[in-house]
Amino acid sequence: MPKRIAAFGEVMMRLTVPGHDLLAQSSMLSYSFSGTGVNVASALSRYGHDGRLVSRLPDNPLGDAAEAYLRKLGVNTNRVLRGGAYIGMYFFENGFGLRPGRVTYSNRQESSFNTAPAGTYDFEGIAGEVDAAHFCGITLAMNDTVREAMKAFARAVKERGGKVIFDCNYRPGLWGDEGYAKAKPHYEDMLRLADIVFMNEKDAIHVLGLPTSRTSREEQLEELIPVVAERYGLQAAAGTHRSIQSDNRHSLKGYLFKEGAFVYSDLLSFPVYDRIGAGDAFASGIIHGELEGLEPQRTVAFAAAAGMLAHTVAGDTPMASERDIVRAMDQAVRDVER
Ligand SMILES: Nc1ncnc2c1ncn2[C@@H]1O[C@H](COP(=O)(O)OP(=O)(O)OP(=O)(O)O)[C@@H](O)[C@H]1O
Ligand SMILES: O=C(O)C(=O)C[C@H](O)[C@H](O)CO
């Protein structure tokens, strides 16, 4: 049955340098609008749910363009407010071979979303309208007012019996020096409120400071995720392990931990066209499976295939339909469809 899911987060204007040029070389940029909340609300809408964004855009032609773009992505914009002066931006340079891709943020703290004063949003009203709400560690990294708003919204959803979904999405560049120490208490607050969490052992070790006696990533994951789930009372935790080869291929394996057991997707290996937002595609697949009550094995396979497909499309926002994903789950490489 379709569900109503709110995603709380900033709309970012993505400015992409064409091809594999550097900003210093190119005189052209193409723009689109994204952000973790946008990506998740859009993907869930594509799977038949009502994905609504809770955000704030400037009341000017940039805000108009962003809102029109969100509608094209299928996002319900009824709870997108107008106010403030700027939209957050990031510049993206595609990597090639051994040169990694690069993201440079601009005007983020000045954005309409990040300058919204306390009391801007009707969180109680929104919480009463939805089955679940999605939050992410990128938003948590912004400033105290945004952090307080995020926690207040999560509390309102929880108090009304909705599911709280939290994607750790730790971005070292956003937390600055001593980032882990600054982030930890806020991550702990969100984990206490959360039902479904996206994370892997890196979050547990570095952000939460949990000790591990194991050396391989897989063993660390299996040791630490049950500890986190128990400590914070999580319904489910999920995430991916990614490995990167030098020939522009990545490998991805998804996991889902619930009711004391791990299930894993196959190890998927694929060439990468655009990597940004793939984590949001995986997360949306898990959220869909959990909200629909799918078998854990099916959910993690669906989410991993959604994540894989997101690497094949330009832009941050997953564009695959449920049908596309189910077809990709058999991993056969197909000829053009005509
Ligand atoms: N330096 C770090 N310290 C702590 N945790 C990290 C660090 N880098 C990544 N993580 C965590 O590892 C997990 C996977 O992160 P990664 O950056 O690979 O994202 P992803 O989910 O594959 O993709 P996306 O960038 O689309 O979200 C996330 O839960 C993230 O919070
Ligand atoms: O909000 C940000 O920081 C972004 O970089 C926007 C992207 O859509 C997001 O990171 C994808 O997960």
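Indexing begins at 1, ligand by ligand and atom by atom, following the structure's order.
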What atoms in ligand 2 come closer than 4.0 Å to a heavy atom of [X]?
X: Asp316; value: 6 (C), 7 (C), 8 (O)
X: Arg108; value: 1 (O), 2 (C), 3 (O)
X: Asn39; value: 8 (O), 11 (C)
X: Met12; value: 1 (O)
X: Asp280; value: 11 (C), 12 (O)
X: Ser34; value: 8 (O)

inquiry  = Using heavy-atom distances only, which candidate in Lys202, Arg242, Arg275, His311 approaches atom 19 (O) of ligand 1 most closely?
reply    =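 Answer by nearest heavy atom: Arg275.
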
ask   = To which of Ala238, Gly279, Gly239, Gly254 does the heavy atom nearest atom 26 (O) of ligand 1 belong?
value =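 Residue with the shortest heavy-atom distance to the ligand atom: Gly279.
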
task = Measure from NZ or CZ of Lys253 to the centre of the six-membered ring of Tyr264 and say whether it is under 6.0 Å with the direction within 45° of the ring axis.
result =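 Here Lys253 passes the 6.0 Å and 45° test against Tyr264.
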
Give the residue and atom name of whichever protein heavy atom lies nearest to [atom], and the separation in Å to one decimal.
atom: atom 9 (C) of ligand 2; result: Thr36 OG1, 3.6 Å
atom: atom 3 (N) of ligand 1; result: Tyr180 OH, 2.8 Å
atom: atom 11 (C) of ligand 1; result: Asp203 OD2, 3.3 Å
atom: atom 15 (O) of ligand 1; result: Asn200 ND2, 4.8 Å
atom: atom 27 (O) of ligand 1; result: Asn169 OD1, 3.0 Å

ask   = Side chain, backbone, both or neither: which part of Arg171 comes within less than 4.0 Å of ligand 2 when only heavy atoms are counted?
value =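 For Arg171, the contact with ligand 2 is made by the side chain alone.
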
task = Between Arg275 and ligand 2, find which residue part has any heavy-atom pair under 4.0 Å and reply side chain, backbone, both or neither.
result =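 No part of Arg275 comes within reach of ligand 2.
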
query = Any sub-3.5 Å donor-acceptor pair from Thr212's side-chain atoms to Arg214's backbone N or O?
reply =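 Looks like yes, one N/O pair under 3.5 Å.
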
query = Does Ala118 offer a backbone N or O that forms a donor-acceptor pair with the side chain of Glu148 under 3.5 Å?
reply =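 No; zero donor-acceptor contacts below 3.5 Å.
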
Do the side chains of [X] and [Y] get close enough for a salt bridge, i.e. N-O under 4.0 angstrom?
X: Arg327; Y: Asp324; result: no
X: Arg217; Y: Glu201; result: yes
X: Glu129; Y: Arg52; result: yes
X: Glu124; Y: Arg160; result: yes

key: Under 4.0 Å to a heavy atom of Ala278 - the qualifying atoms of ligand 1, by number   =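 Counting from 1, the qualifying ligand atoms are 26 (O).
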
request  = Just jot down the ligand 1 atoms closer than 4.0 angstrom to any heavy atom of Gly277, in number order.
outcome  =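 It comes down to these atoms of ligand 1: 26 (O).
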
query = So, is Tyr105 polar-close to ligand 2, with some N/O to N/O distance under 3.5 Å?
reply =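 Yes; at least one N/O pair falls below 3.5 Å.
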
query = Is Gly35 close to ligand 2, meaning an N/O of one under 3.5 Å from an N/O of the other?
reply =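 N/O-N/O distance below 3.5 Å exists for this pair.
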
query = Is there a heavy atom of Pro172 sitting under 4.0 angstrom from any atom of ligand 1?
reply =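 It does; at least one heavy atom falls under 4.0 Å.
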
Does the ring center of [X] lie less than 6.0 Å from the ring center of [Y]?
X: Phe91; Y: Tyr105; answer: no
X: Phe302; Y: Tyr47; answer: yes
X: Phe262; Y: Phe257; answer: yes
X: His206; Y: Tyr170; answer: no
X: Phe8; Y: His134; answer: no

